[in-house]
Amino acid sequence: MSSKILILANHDVGLYNFRKELLKRLVSDEHKVIVSCPPGTNLEKIRSMGCTVIETEMNRHGTNIFEEIKLMRFYRKLYKKVKPDIIFSYTIKPNIYGAMIAKKYSIPFVPNVTGLGTAVQNPGIKKNIIINLYKRAFTKVQTVFFQNETNREFFKQNNIALNKHKLLPGSGVNLSDFTLIDYPEENENINFVYISRVMKDKGIEEYLNAAKYIKETHENVCFHIYGFLDGDYKEILTTYNKKGIIHYHGMTNDIKEVFKTSHCIVHPSYHEGMSNVLLESAASGRPVLASNIPGCKEIFEEGISGIGFEPRDADSLIKAIEKFITLSHKEKESMGIAGRKKVEKDFNREIVIEKYLKEIELAVEGKYNAKFI
């Protein structure tokens with residue numbers, strides 16, 4: 001049975017890169033798919049799949065109360081215009097504000113908690129505000145999807161949407177798209193690669209400190225950085241580039257090409273839902289060095305497909321890098337193959353798609369009746 005499905009997102013890149021298979025499946029199953037998302041270069045690709053795209057003004061990181069109210073009013077008008085049978089949402093603002101309005105109209109709503117964000121990592125007024133917003137917004141949701149068990153436990157401990165929690169293997173990874181790539185030789189250097197936004201919470205400072213230390217003690221290593229500058233790091237990157245400590249490449253539109261020459265992917269993030277870059281790295285047969293945090297530690301097996309280290313700790317990262325350097329080329333290659341096997345077993349994106357299709361079935365069964373006022 002065909003349904004009208006509304007999807008709320010805060011960024012076109014994540015929506016296209018990690019959810020395009022779901023969008024394609026929904027369209028191929030003859031559902032009408034409407035996407036609400038801020039402007040971006042990937043929206044035309046999403047339109048070409050057969051989705052209707054409604055460009056949405058949203059300050060992803062802002063806290064201006066008038067902007068927040070404006071977004072909620074936009075969602076209210078959007079719901080009344082579209083009259084969706086079910087709504088899927090991703091990230092904090094679409095999840096909270098989208099759920100608040102859906103509750104008013106009794107629309108089946110399925111938010112995906114892609115991570116808890118910086119504000120809830122430490123005690124304080126921001127954390128209390130967000131918890132209360134979640135409690136208020138999620139009282140009538142159909143299901144809450146989580147990408148790791150720790151995030152789900154946080155909701156459970158704070159009595160948010162109890163008995164409606166379901167766990168996903170992150171966004172999963174397209175195993176046909178990300179195939180096993182031949183491991184590079186070590187003719188000259190071991191290439192360590194950071195692929196993420198260049199910002200504090202992604203561990204860029206620890207990565208830079210580790211690179212500086214390792215380059216002083218090892219000649220046959222290179223440290224690469226790919227990602228958008230999301231903080232005040234231009235000056236230090238320029239300086240370290242000139243000194244040969246790191247190689248900053250800016251954004252990349254072809255991560256597979258990066259993997260071809262990478263010996264190891266380093267991900268020193270402070271918090272994650274489920275790291276997509278680690279999933280794609282492992283699927284491509286690349287060993288990973290990653291923070292021992294929820295959303296990272298589930299993706300690799302210690303000493304088998306990756307090496308963990310403590311977040312916010314450059315010394316711990318340095319030890320992990322040094323441990324990896326001492327491995328033989330064959331051991332490094334075997335570590336990458338083991339990572340591929342793990343994602344094949346636990347993180348196939350088809351698992352995620354099937355769980356979303358099940359939520360549509362639950363909504364269609366008539367358990368919810370939307371009331372547009």
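- Taking OG1 from Thr56 and NZ from Lys70, the interatomic distance works out to 11.5 Å, rounded to the nearest 0.5 Å.
- A distance of 8.0 Å separates CD1 of Ile5 from CG of Leu22, quoted to the nearest 0.5 Å.
- For Tyr248, there are no ring pair (Phe, Tyr, Trp, His ring centres under 6.0 Å) partners two or more places apart in sequence or in a different chain.
- Separation of atoms CD (Glu153) and OG1 (Thr150) is listed at 8.0 Å; rounding is to 0.5 Å.
- With sequence neighbours left out, Asn191 forms a side chain to side chain donor-acceptor pair (under 3.5 Å) with His224.
- Heavy atoms only, all atoms of each residue included: Asn148 and Gly273 are closest at ND2-O, 2.6 Å.
- Of the possible polar contacts, none joining the Asn42 side chain to the Lys45 backbone as a donor-acceptor pair under 3.5 Å is found.
- Under 4.0 Å is where a charged nitrogen must lie from a carboxylate oxygen, and between Asp315 and Lys319 no such pair does.
- Annotation for Lys20: atom NZ counts as buried by contact number, over 12 foreign heavy atoms lying within 6.0 Å.
- Residue pairs satisfying the ring pair (Phe, Tyr, Trp, His ring centres under 6.0 Å) criterion with at least one member in residues 182-204, sequence neighbours excluded, are listed as follows: Tyr183-His263, Tyr183-His329, Phe192-Phe223, Phe192-Phe324, Tyr194-Tyr207.
- Looking at Asn95 and Thr114, their side chains never come closer than 4.5 Å, going by heavy atoms from C-beta outward.
- With sequence neighbours excluded, no residue satisfies ring pair (Phe, Tyr, Trp, His ring centres under 6.0 Å) with His11.
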Derivation of the salt bridge (charged side-chain N to carboxylate O under 4.0 Å, His left out) call for Glu354 and Lys358 | CA-CA 6 Å; Glu354 290 302 319; Lys358 181 63 178 177; over 6 Å; no

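- A salt bridge between Arg47 and Glu55 is present, with a side-chain N of the basic residue lying under 4.0 Å from a carboxylate O of the acidic one.
- The shortest distance between side-chain heavy atoms of Asn10 and Tyr90 does not fall below 4.5 Å.
- Glu235 CD: 12 or fewer foreign heavy atoms inside a 6.0 Å radius.
- The OG atom of Ser89 sits 9.5 Å away from the CG atom of Leu6 when rounded to the nearest 0.5 Å.
- Using a 4.5 Å heavy-atom cutoff, the side chains of His271 and Leu116 are not in contact.
- Every residue meeting the ring pair (Phe, Tyr, Trp, His ring centres under 6.0 Å) condition with His165, not counting sequence neighbours, appears here in chain and number order: Phe146.
- The side chain to side chain donor-acceptor pair (under 3.5 Å) test applied to Asp230 returns Arg197, not counting sequence neighbours.
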